[in-house]
Q: 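Below are the structure tokens for one structure; questions will follow.
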Number of protein chains: 2
Amino acid sequence: MPRVGLNQQTVVREAARLADEVGFQQLTLAALASRLGVALPSLYKHVRGADALAQKLAVLATAELATEMTTAAVGRSGGDALRAMADAYRGYALRHPGRYPATQRVPDPADPEHVEAGERAVGAIFAVLRGYGLTGDDAVDATRALRSALHGFVTLEAAGGFGLPRDIDRSYHQLVASMDISFRSWPRTGG
Amino acid sequence: MPRVGLNQQTVVREAARLADEVGFQQLTLAALASRLGVALPSLYKHVRGADALAQKLAVLATAELATEMTTAAVGRSGGDALRAMADAYRGYALRHPGRYPATQRVPDPADPEHVEAGERAVGAIFAVLRGYGLTGDDAVDATRALRSALHGFVTLEAAGGFGLPRDIDRSYHQLVASMDISFRSWPRTGG
DNA sequence: CTTTAAAGCTAAGCCACTTAGCCAACGTTG
DNA sequence: CAACGTTGGCTAAGTGGCTTAGCTTTAAAG
């Protein structure tokens, strides 16, 4: 049998593509193996199993998302940076419906790459909030608020949870605009 | 064999209890059957299958959540109502970690009970926003924003996504306070 | 050319869900 | 009270996931 020549990276990359096509929950080792042209157990030469694959996919997706958020915000500040980053965030989730859910896995402390990617993503938000004068505990609270709002929105959108006909882009922009207002007048604790 | 005397309601109720103990994803027909003291296939006399069970669980949980949100807000208005409802929302998610995720299933149009429960939940939010003078498209946008913020927060919290030591209750209250500010000065479109 | 690490394979087992078909308990009715 | 039909329980069997064990063969390294 001729070798296909896989390695962990090719496997994880193809998993990401497949997840975007069929959905994160429908990503299966069987489908991935067939896509790569190998028998299912062969995948175990490159990833420890289904859970490890999901974790590696989380690293890939988190790193990509962090990069896009950072890139969007660079050279901007205040509401400008916030809007750009928020658009990048939702854009990633819409373009990569299978990868995005993977990013919600909490970083594995044993995987430095994962930890680094997570820190870059949170760091990007932190940097934008510094533009609003938010630091310390205030910045922590505001970061959680922003993550919650963005994640909640794209999750509900992806699930088809917004039933009414009102335009979804519009609603998102209003949400971001309202976060902008919030950050300007954040209820400071002085932390 | 003596009969256990199950019906759909007892099955779904027990599924809800079990889900809260082991987690929504870990809710399995096998575990449920053993908990109820019957063989697995016997469950099919009461629910059509795993997916239908998840749907019925969604109805139960959505109805409970809607009731708690409504109850919390009744007799209050403005920021008072918002805070009470937000606390009820997160409280439900924390007390029922297995049921809460079930509520995210989009209502089945073929199940009037499901549709009604969903409408009650959204209606409760709508009512609170009316207290801010928000109606029409503004209310739709604001509802989506509030749902996103609350859902995003409790989801991230449940996933352990808030790494830093900063107190989570505090962050939640700040989030709700910031939404209160947002709704007071909502960027109106006059829809 | 030999050796060896590793990338592929088949076989087999586990656990989840589902369907088919049987049997016994119970409520109803004469 | 007895017969009957409904229905709630059962076992058996099949599908499709994931995983492990162990073999074979490729291909690289000496």
Q: Whole angstroms only, please: what is the CG-P distance between B:L6 and D:dG9?
A: 4 Å
Q: So if I take residues 12-38 of chain B and measure heavy-atom distances to DNA chain C, which residues fall below 4.0 Å?
A: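 Those residues whose heavy atoms fall under 4.0 Å from DNA chain C, taken from residues 12-38 of chain B in numerical order, are B:T28, B:L29, B:A30.
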Q: Using a cut-off of strictly less than 4.0 Å, decide whether A:H46 has a side-chain nitrogen or oxygen near OP1 or OP2 of C:dG8.
A: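 Yes, because at least one side-chain N or O of A:H46 sits under 4.0 Å from OP1 or OP2 of C:dG8.
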Q: Whether the B:Y100 and B:Y89 side chains hold a donor-acceptor pair (N or O, under 3.5 Å, no angle test) is what I'd like checked.
A: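 Short answer, yes.
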Q: Measure CG/A:D51 against C1'/D:dT19 and give the value in whole Å, please.
A: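 Value for this atom pair: 13 Å.
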Q: Taking distance alone, no hydrogens or angles, what donor-acceptor pairs closer than 3.5 Å link side-chain atoms of residues 118-131 of chain B to residues at least two apart or in another chain?
A:
from: B:R120; atom 1: NE; to: B:E116; atom 2: OE2; distance (Å): 3.2
from: B:R120; atom 1: NH1; to: B:T67; atom 2: OG1; distance (Å): 3.0
from: B:R120; atom 1: NH2; to: B:A63; atom 2: O; distance (Å): 3.3

Q: Is A:V176 reachable from B:F183 through a run of I, L, V, M, F, W or Y residues, each pair having side-chain heavy atoms under 4.5 Å apart?
A: no
Q: Determine whether B:D180 and B:Y132 satisfy the following criterion, side-chain hydrogen bond (donor to acceptor under 3.5 Å, both in side chains), listing intermediate values before the conclusion.
A: CA-CA 9 Å; B:D180 175 58; B:Y132 286 89; 2.4 Å; yes
Q: Does the A:D141 side chain pair with the main chain of B:Q174, one donor and one acceptor, at a distance under 3.5 Å?
A: no
Q: Which atom pairs link the protein and nucleotides 10-12 of chain C when you take only N or O atoms and keep those under 3.5 Å?
A:
none

Q: For A:L43, which fellow cluster members are found when Ile, Leu, Val, Met, Phe, Trp and Tyr are connected by side-chain heavy-atom distances below 4.5 angstrom, either directly or through intermediates?
A: A:V4, A:L6, A:V11, A:V12, A:L18, A:V22, A:F24, A:L27, A:L29, A:L32, A:L36, A:V38, A:L40, A:Y44, A:V47, A:L53, A:L57, A:L60
Q: For a quick check under 3.5 Å, do A:D108 and A:H114 share a side-chain donor-acceptor pair by atom type?
A: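 Result is no, nothing qualifies.
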Q: Give the angle between the helix axes at the two ends of the helix from C:dC1-D:dG30 to C:dG30-D:dC1, taking five base pairs at each end and rounding to 10°.
A: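 One end's axis against the other's: 10°.
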Q: Could you tell me the separation between the CG atom of A:L43 and the P atom of D:dT20, rounded to a whole number of Å?
A: 13 Å
Q: Regarding B:R13 and B:Q9, is there a side-chain donor-to-acceptor distance under 3.5 Å anywhere?
A: yes
Q: D:dG8 C1' sits how many Å from B:Q8 CD, rounded?
A: 15 Å
Q: Over how many whole Å does the gap from B:R48 atom CZ to C:dA20 atom C1' extend?
A: 17 Å
Q: How many Å lie between CG on A:N7 and P on C:dA7, as a whole number?
A: 9 Å
Q: For D:dA27, does the base pair up with any side-chain atom of A:R3 as donor and acceptor (N or O, under 3.5 Å, distance only)?
A: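 No such pair is found, so the answer is no.
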Q: Please enumerate all residues that pass salt bridge (charged side-chain N to carboxylate O under 4.0 Å, His left out) together with B:R48, with sequence neighbours excluded.
A: none
Q: Looking only at side-chain N and O atoms, does B:T103 offer a donor or acceptor that is under 3.5 Å from a partner on B:T62?
A: no
Q: Please state how far atom NZ in B:K45 lies from atom P in C:dA24, giving the value in whole angstrom units.
A: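 After rounding, the gap between these two atoms is 15 Å.
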Q: Where the side chain of A:T10 meets the backbone of A:N7, is there a donor-acceptor pair that is under 3.5 Å apart?
A: yes
